Amino acid sequence: MPRKLGQHFLVRDAILEKLAIAACGEHAPRVIEIGPGRGALTRHLLPRTDELHVVELDQGLAARLKSKFAAEPKLQVHIADVLGTDLAQWGGAVIAGNLPYYITSPIIEEFLALDERFPLAVFLVQWEVAERINAKPGTRAYGYLTVATQLVCDVELISKVPASAFIPPPKVDSGAVKLVRKNELPKEKTELLQFVGRCFGHKRKTLRNNLRPFYGKASDALPESGLRAEQLAIDRFIDLYERLSYTDTS
Ligand code: SAM
C-alpha cells in the first residue's frame, strides 16, 4: 500500500463509530469529510446525515468511492486538494476526517478561519498534535497552534488511538479531537491570530524581541515584555493585543 498522501487507513469499527457520533450526534444535516480514502469513516457518517461531501485528492481512491457508493444519493465525492477547496461553498456543516498528517496544521487553520455556520470539527491527528492543541501554558507542547485553536474553540480529547488501528500502521500513535467553536469569539479574529503568530515568532525569544519589529518601543514598555509567549494564558493574548493595537507606536 503506497504511503503517499498520508494514506493510513483506520480499520477499527469501534473508533470509527466513536468519531461519527462525536461529529454528528444522532444527526447532523450536512457533513464534510476530509480525506475519505476507502470510505471507512464515510460509511459511519452516512446514516447520521442528509448530505455528505467528501474531499479526496487521490483520483484512484475517489473513483473507487464513487462506484462503491454509487447507489447512495446523500454522498457527493469531490476530487480536490482540501487546502485549495472552499469548504463554505456547500453551506454550513460539521467537519470530520482522519486527516492526512503531512497537512494537519493547515487543515486545522482552515477550519478555524471558517465562521459560526461550522460549529464543530472532529479530527484524527497525530498524537503529538492532539497534545499541542490541548496543551496548558508553560508546557513544551504549548505554542501557536494551541493558542490559535483555543482562542476559537473548546477542545475535547476524545481518545488516544494506537498506530496498530491503521493499515499500514503510521510511525506514531494518534488522537481523536473534537473542536467546538465558541459562541463568543474574540473581535478581529484574523488580526488576533496574526498577532499570536508574531508573539511565537521565535519560540525561545521574549515577547519584547518578537514584538519589537512590529510595535517598536511600545513592546519594551509592556509589563510582560520579559516573558516568552509560551508563558501566557489564552486570555492574556487578547489583552496584550488590545493594549498594543491601541497604543501609539511612533
Ligand atoms: N478516512 C480514511 C480512513 O480513515 O481510513 C483515510 C484517511 S488517510 C489518513 C488520509 C486521506 O486523505 C487519504 O485518503 C489521502 O489520499 C487523502 N488526502 C491526502 N492529501 C489530501 C489533500 N491535500 N486533500 C484531500 N485529501 C487528501
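Just so you know, ligand 1 is whichever comes first in the structure, and atom 1 is the first atom listed for that ligand. If you're wondering where the values come from, they're calculated on a predicted model, not measured in any experiment.
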Which atom pair, heavy atoms only, marks the closest approach of Ile32 to Trp90?
CD1-CE3, 3.7 Å

Exercise: identify the closest heavy-atom pair between Ala130 and Gly175
CB-CA, 4.1 Å

Does Gly97 reach ligand 1, in the sense of a heavy atom lying below 4.0 Å from it?
no

Say you draw a straight line from CD of Gln76 to CG of Leu52; how long is it, rounded to the nearest 0.5 Å?
9.0 Å

State whether a side-chain donor-acceptor pair under 3.5 Å links Tyr241 with Glu188.
yes

Lys74, NZ: over 12 other non-hydrogen atoms inside 6.0 angstrom:
yes

heavy-atom search around atom 18 (N) of ligand 1 in the protein gives Pro100 CG, 3.8 Å

Rounded to the nearest 0.5 Å, how far apart are CG of Leu120 and CZ of Phe118?
11.5 Å

Val11 near ligand 1 by a heavy-atom separation under 4.0 Å
no

Give the atoms of ligand 1, by number and element, whose distance to some non-hydrogen atom of Glu33 is under 4.0 Å.
1 (N)

Can you report which non-hydrogen protein atom sits closest to atom 27 (C) of ligand 1, along with the distance?
Leu57 CB, 3.8 Å

Measure the distance from atom 4 (O) of ligand 1 to every protein heavy atom, then report the residue, atom name and distance (to 0.1 Å) of the closest one.
Asn98 ND2, 2.8 Å

Straight-line distance of Asn98 CG to Ile34 CD1, nearest 0.5 Å:
11.0 Å

Can you tell me if Leu41 contacts ligand 1 (heavy atom of the residue under 4.0 Å from the ligand)?
no

Within less than 4.0 angstrom of ligand 1, does Tyr102 place any heavy atom?
yes

Would you mind reporting whether Leu179 and Glu156 have side-chain heavy atoms less than 4.5 Å apart?
no

Atom 23 (N) of ligand 1: which protein heavy atom is closest, and how many Å away?
Asp81 OD1, 2.9 Å

I'd like to know if Arg38 contacts ligand 1, where contact means a heavy-atom distance under 4.0 Å to any ligand atom.
no

Are Glu33 and Thr42 linked by a side-chain donor-acceptor pair shorter than 3.5 Å?
yes

Of all protein heavy atoms, the one nearest atom 24 (N) of ligand 1 is Val82 N, 2.9 Å

Under a 4.0 Å heavy-atom limit, does Ile34 contact ligand 1 with its side chain, its backbone, both, or neither?
neither

Judged by modelled atom types alone, do Ser245 and Tyr215 share a side-chain donor-acceptor pair under 3.5 Å?
no

Considering both backbone and side-chain atoms of His8, is one of its nitrogen or oxygen atoms within less than 3.5 Å of a nitrogen or oxygen in ligand 1?
no

What is the closest protein heavy atom to atom 9 (C) of ligand 1, and at what distance does it sit?
Gly6 O, 3.0 Å

Under 4.0 Å from ligand 1, counting heavy atoms only, is it the side chain of Thr42, its backbone, both or neither?
neither

Val55 to ligand 1, any heavy atom closer than 4.0 Å:
yes

Applying side-chain hydrogen bond (donor to acceptor under 3.5 Å, both in side chains), run through Arg132 and Thr149 and close with a yes or a no.
CA-CA 10 Å; Arg132 274 163 56 201; Thr149 307; over 6 Å; no

I'd like to check whether Leu16 has a polar contact with ligand 1, where a contact means an N/O of the residue lying under 3.5 Å from an N/O of the ligand.
no

May I ask you to check if ligand 1 and Gly35 share an N or O to N or O distance below 3.5 Å?
yes

